[in-house]
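The structure appears right after this line, and notes come after that.
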Number of protein chains: 2
Amino acid sequence: MPYDPIAFPAVAVTVDLVALTIRDGVLAAVAIRRGEEPFLGEWALPGGFVRAGEDLDAAAGRELTEETGLTADRLHLEQLASYGAPRRDPRMRVISVAYLGLGPDLPLPVAGGDASGARWAPVDELLAADLAFDHHRILADGVERARAKLEYTPLATVFCEPEFTVAELRRVYEIVWGATLDGRNFHRKVTTAAGFLRPTGTTTTRDGGRPAQLYRRGDLQVLYPPMLRG
Amino acid sequence: MPYDPIAFPAVAVTVDLVALTIRDGVLAAVAIRRGEEPFLGEWALPGGFVRAGEDLDAAAGRELTEETGLTADRLHLEQLASYGAPRRDPRMRVISVAYLGLGPDLPLPVAGGDASGARWAPVDELLAADLAFDHHRILADGVERARAKLEYTPLATVFCEPEFTVAELRRVYEIVWGATLDGRNFHRKVTTAAGFLRPTGTTTTRDGGRPAQLYRRGDLQVLYPPMLRG
DNA sequence: TGAATAGTGTCTCTCAGACACTATTAG
DNA sequence: CTAATAGTGTCTGAGAGACACTATTCA
């Protein structure tokens with residue numbers, strides 16, 4: 001009997017966030033140290049209740065801005081999946097809608113509210129340890145989604161500065177995928193894919209060696225044929 | 001302040017189902033005629049509350065079995081996405097976790113419970129009309145997911161009988177994608193992809209003409225390189 | 001000058017798409 | 001026989017991967 005507005009079970013809905021960036025040469029995610037039970041003192045993903053009258057996307061965007069200060073134009077935010085195992089929160093039934101956020105490196109989020117600490121933590125480190133609730137699984141799913149999306153979208157560019165070189169973009173792929181790519185074939189691939197990159201006409205020597213063209217992200221939405229992981 | 005078990009807004013969580021099959025040569029979805037307000041008399045996707053102590057996947061599987069009688073071994077069921085716009089249900093806040101189910105053709109589901117009618121309806125027909133709530137969007141997302149997954153998984157086989165010919169499999173692709181494929185290139189692609197198909201050693205003439213090899217689905221999980229839509 | 005990084009050219013192999021051709025059944 | 005469908009062989013062009021080679025800077 002769907003949609004009976006009286007006899008529904010008591011459920012809370014939250015959004016949890018897999019917020020990724022590249023920091024110090026590794027893929028990193030925002031992790032919060034829990035300031036209360038359950039899982040007191042353990043690391044968890046940031047998240048919170050969906051407010052009354054608030055859309056799911058809006059709730060995720062709000063959480064992300066609260067945690068990182070990222071503004072919407074510099075990042076990518078998409079729904080990842082929902083997690084609702086009956087005992088995933090020991091206190092009550094909680095369904096969590098997880099979101100994946102990707103953005104450039106930023107100052108460390110400051111601790112506040114219920115969380116006794118927040119930091120950008122290397123993803124490998126988080127995945128090697130335990131996380132509160134089912135957040136290990138959520139993080140793993142988010143990282144895999146990010147890896148997959150680099151293959152067929154220009155999303156890697158959101159990890160870069162607004163103007164970036166081909167080598168800087170390549171380093172993003174290499175870090176996220178944990179593989180080395182041939183710089184020459186990579187260069188050919190991204191520069192001949194129409195609409196992927198828009199040349200600025202200027203160059204930089206910030207990476208050393210011969211000056212490199214600077215590019216901005218182009219209008220391309222889907223990269224076909226895709227980039228392939230080593 | 002996440003996970004405060006007292007002060008959470010009143011929310012109901014449902015699962016909605018995009019249940020697809022191939023029937024009479026077209027892609028069809030289960031549609032329910034609503035037996036009560038709101039949207040009384042309109043077509044909707046099947047769905048219902050997640051019960052206390054019930055996992056999301058289990059709730060989706062239960063709904064699917066109730067509606068179609070499909071048993072788990074003959075079908076594919078995966079989470080699609082969650083929909084939680086504040087006014088998507090006019091009575092109260094409802095978050096819906098949508099699932100995509102794919103399976104072979106079955107007898108028409110029988111009407112029962114709150115629904116005054118249920119049928120397999122051609123997807124094109126449903127998408128050309130209006131559906132209750134935001135179910136048009138959910139159905140469109142589900143169909144697009146199914147189309148995309150045929151490219152890189154052997155999922156098309158779940159629409160077939162346990163033993164099927166290459167041509168029958170090709171017809172699945174053609175119906176779901178709405179495109180014609182070259183039978184000769186298709187044959188080469190699926191028979192040379194290691195693990196996609198497992199030959200039974202028997203043949204059939206049920207499609208007319210020269211007898212065709214019968215196959216079962218193989219162990220392959222991901223098809224690489226993928227099949228391409230016309 | 002040499003070290004470092006950017007970028008081009010070329011070869012080979014895989015594979016998709018087009019399509020000629022052969023194979024095996026029913027009627 | 002013909003019609004229908006199954007299945008093979010062959011050519012072409014796009015593109016990935018390997019990698020030699022050239023270009024342009026800094027120290």
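Everything numeric here is computed off the predicted structure, so don't read it as measured data. To find a chain, count down the sequence lines: A is the first, B the second, and so on, and within it residues start at 1.
- Shown for residues 168-183 of chain A: residues whose heavy atoms fall under 4.0 angstrom of DNA chain D, namely A/Asp182.
- Few gaps surround CZ on A/Arg62; more than 12 heavy atoms of other groups in view lie less than 6.0 Å from it.
- Checking side-chain atoms of A/Thr165 against main-chain N and O of A/Ala212 turns up no donor-acceptor pair under 3.5 Å.
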Residues A/Phe186, A/Tyr173; criterion ring-ring contact (aromatic ring centres under 6.0 Å, His included); working and verdict: CA-CA 10 Å; A/Phe186 182 89; A/Tyr173 278 90; 5.4 Å; yes

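- With A/Arg88 contributing its side chain and A/Val94 its backbone, the two residues share a donor-acceptor pair below 3.5 Å.
- Whole-Å rounding puts the A/Arg229 CZ to D/dG17 C1' distance at 18 Å.
- Listed pair A/His187 / C/dA6 fails the phosphate criterion, with no side-chain N or O lying under 4.0 Å from OP1 or OP2.
- With hydrogens and angles ignored, no donor-acceptor pair closer than 3.5 Å exists between the side chain of A/Asp207 and the base of C/dA4.
- Nearest-nucleotide mapping onto DNA chain D: of B/Asn185 and B/Ala167, the residue sitting toward the 5' end is B/Ala167.
- Between A/Arg119 and A/Glu125, at least one side-chain N (NZ, or NE/NH1/NH2) sits under 4.0 Å from a carboxylate O, which counts as a salt bridge.
- A/Tyr215 has its OH atom 11 Å from the P atom of C/dA6, to the nearest Å.
- Side-chain atoms of A/Asp16 and A/Ser96 include a donor-acceptor pair closer than 3.5 Å.
- Looking at A/Thr68, its side chain never comes within 3.5 Å of a backbone N or O of A/Thr65 through a donor-acceptor pair.
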So if I define the base as every atom that isn't primed, P, OP1 or OP2, how would nucleotides 11-16 of chain D read as a B/S/- string at a heavy-atom cutoff under 4.0 Å? ----SB

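- Ring orientation note: the planes of A/His135 and A/Phe133 are tilted relative to one another, at an angle of 30° to 60°.
- Taking the six-membered ring for Trp and the full ring otherwise, the centers of A/Tyr215 and A/Phe164 sit at least 6.0 Å from each other.
- Screening A/Asp207, A/Val176, A/Leu181, A/Val166 for a side-chain contact (heavy atoms from CB on, under 4.5 Å) with A/Arg171, the sole residue that qualifies is A/Asp207.
- In this structure, A/Gln213 atom CD and C/dT5 atom P are separated by 19 Å, rounded to whole Å.
- Under the 4.5 Å side-chain criterion, counting only non-hydrogen atoms from C-beta, B/Leu77 is in contact with B/Leu64.
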If the sugar-phosphate is the primed atoms plus P, OP1 and OP2 and the base is the rest, what is the B/S/- string for nucleotides 20-25 of chain D, using protein heavy atoms under 4.0 Å? B--BBB

